[in-house]
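Lettering follows sequence order; numbering is per chain, from 1. When reading the values below, keep in mind they use all heavy atoms of this one structure, side chains included, and skip hydrogens, waters and symmetry mates.
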Amino acid sequence: MKNKLYDIFHRLAAHFGPLHWWPAETPFEVVIGAFLTQNTAWRNVEQAIANLRQASALEPASLLALPRGLLETLIRPAGFFRQKAENLQSFAEILCHRYGGDLAALLAGDLDGVRGALLSLRGVGPETADAILLYAGKRPSFVVDAYTRRLFTRLGLLKGSEGYEAIRTLFMDNLPHEVDLFNEYHALIVEECKTFCRKGAPSCPPCPLLACCPYGQSAVAL
DNA sequence: ATCCGGGAAC
DNA sequence: GTTCCGGGAT
């Protein structure tokens with residue numbers, strides 16, 4: 001084992017197999033999903049994206065052209081629909097007007113520079129920025145989310161009080177900056193936390209990380 | 001009836 | 001710490 005983060009990755013990969021995220025047909029669809037899934041279960045995002053597909057609004061220009069009220073209606077299942085509609089059209093407007101609708105152009109260049117530019121956009125916080133960079137831009141920026149914090153706190157590798165950047169730095173300082181590795185690792189963390197390391201009723205006995213998890217061992221011992 | 005979602009802005 | 005919001009699970 002090169003280090004604990006590798007060890008955990010391999011245990012998860014052995015159990016769940018290759019996941020090949022993100023579930024989307026185009027890079028811009030990844031961006032839409034990244035906004036829509038903010039504090040929202042993916043199941044609800046799928047319905048919203050299906051509505052956008054039905055309305056042929058999964059490209060920057062067509063999304064931007066939708067009347068705000070219609071867009072709000074289409075993405076309603078994903079919750080927070082007013083702010084998400086505003087943020088999505090704000091992003092689409094910048095993409096269309098400053099980059100000619102070319103997402104790859106927006107995501108090209110110095111990684112930290114592009115990340116900073118994304119973070120300056122309305123409705124783009126650190127997780128959304130990293131998800132866009134990694135899954136839409138294939139840039140090696142590790143994605144941290146509530147699942148990551150919960151899982152690694154239970155594993156004893158975090159105290160639980162660390163901020164986003166500190167957690168991202170932990171992963172980026174201890175793993176090679178490879179897009180495929182970051183892609184799979186985040187996807188595996190999400191699957192692990194949906195399946196076993198749930199918030200309310202974790203399922204520790206069958207968890208693939210039980211052998212290296214102090215939380216799970218104490219839970220099983222009860 | 002409450003809780004929780006692949007957060008972000010204020 | 002609050003607000004923004006819907007939909008399935010408990």
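- Using a 4.0 Å heavy-atom criterion, one finds that A/K84 contacts no nucleic acid atom at all.
- A/Q38 places its CD atom 15 Å from the C1' atom of B/dC10, with the value rounded to the nearest Å.
- Of all nucleotides listed (B/dC4, C/dG6, B/dA8), B/dC4 comes nearest to the side chain of A/K199.
- Salt bridge absent: A/R149 and A/E127 never bring a charged side-chain N and a carboxylate O closer than 4.0 Å.
- In this structure, of B/dG5, C/dG6, B/dA8, it is C/dG6 that holds the atom nearest to the side chain of A/F81.
- Nearest-nucleotide mapping onto DNA chain B: of A/A131 and A/L119, the residue sitting toward the 5' end is A/A131.
- Within the 4.0 angstrom heavy-atom criterion, only backbone atoms of the sugar-phosphate kind lie near A/G125; the bases stay farther away.
- Per the geometry, CZ belonging to A/F35 stands 13 Å off C1' belonging to B/dA9, to the nearest Å.
- Nearest heavy-atom pair, A/S141 versus A/R168, reported as atom, atom and distance to 0.1 Å: OG-NH2, 2.7 Å.
- Taking every side-chain heavy atom of A/Q83 into account, C/dC4 is the closest of C/dC4, C/dG8, B/dA8.
- Nucleotides B/dA1 and C/dC5, compared at atom P, are 23 Å apart to the nearest Å.
- Across all strands shown, B/dG7 pairs with C/dC4; the Watson-Crick or G-U wobble distances both stay below 3.5 Å.
- A side-chain donor-acceptor contact under 3.5 Å links A/N174 to the backbone of A/L170.
- Closest to the A/R122 side chain, of the nucleotides B/dA8, C/dC4, B/dA9, is B/dA9.
- Rounded to an integer number of Å, the gap from A/L88 CG to B/dA8 C1' is 13 Å.
- Taking atom CG of A/N44 as the reference point, atom C1' of B/dC3 lies 14 Å away to the nearest angstrom.
- A/R150 comes within 4.0 angstrom of sugar-phosphate atoms only, judged by non-hydrogen atoms across all strands, and of no base.
- Each of B/dG5, C/dG8, C/dC4 was ranked by its minimum atom distance to the side chain of A/R43; first place goes to C/dG8.
- A salt bridge links A/E25 and A/R53; the closest N-O separation between the charged side-chain nitrogens and carboxylate oxygens is under 4.0 Å.
- The side-chain tip of A/R76 points at the ring of A/F81 from less than 6.0 angstrom away and within 45° of straight on.
- Contact annotation for A/T128: backbone-only contact, meaning every heavy-atom pair under 4.0 Å involves sugar-phosphate atoms and none involves a base.
- We find that CG of A/N51 is positioned 14 Å from P of C/dG6, with the value rounded to whole Å.
- The phosphate of C/dG6 (OP1 or OP2) has a side-chain N or O of A/R76 nearer than 4.0 angstrom.
- Nucleotide B/dA8 holds its C1' atom 14 Å from the CG atom of A/L118, rounded to whole Å.
- Residue order along DNA chain B, read from the 5' end via each residue's closest nucleotide, puts A/T40 first among A/V124 and A/T40.
- Rounded to whole Å, atom P of C/dG8 lies 17 Å from atom CH2 of A/W42.
- Relative ring orientation between A/Y135 and A/H186 is described as tilted, the plane-to-plane angle lying within the 30° to 60° band.
- One can place CZ of A/F80 at 12 Å from C1' of C/dT2, the figure rounded to the nearest angstrom.
- At a threshold of 4.0 angstrom between heavy atoms, the contacts of A/E127 are confined to the sugar-phosphate backbone, with no base atom among them.
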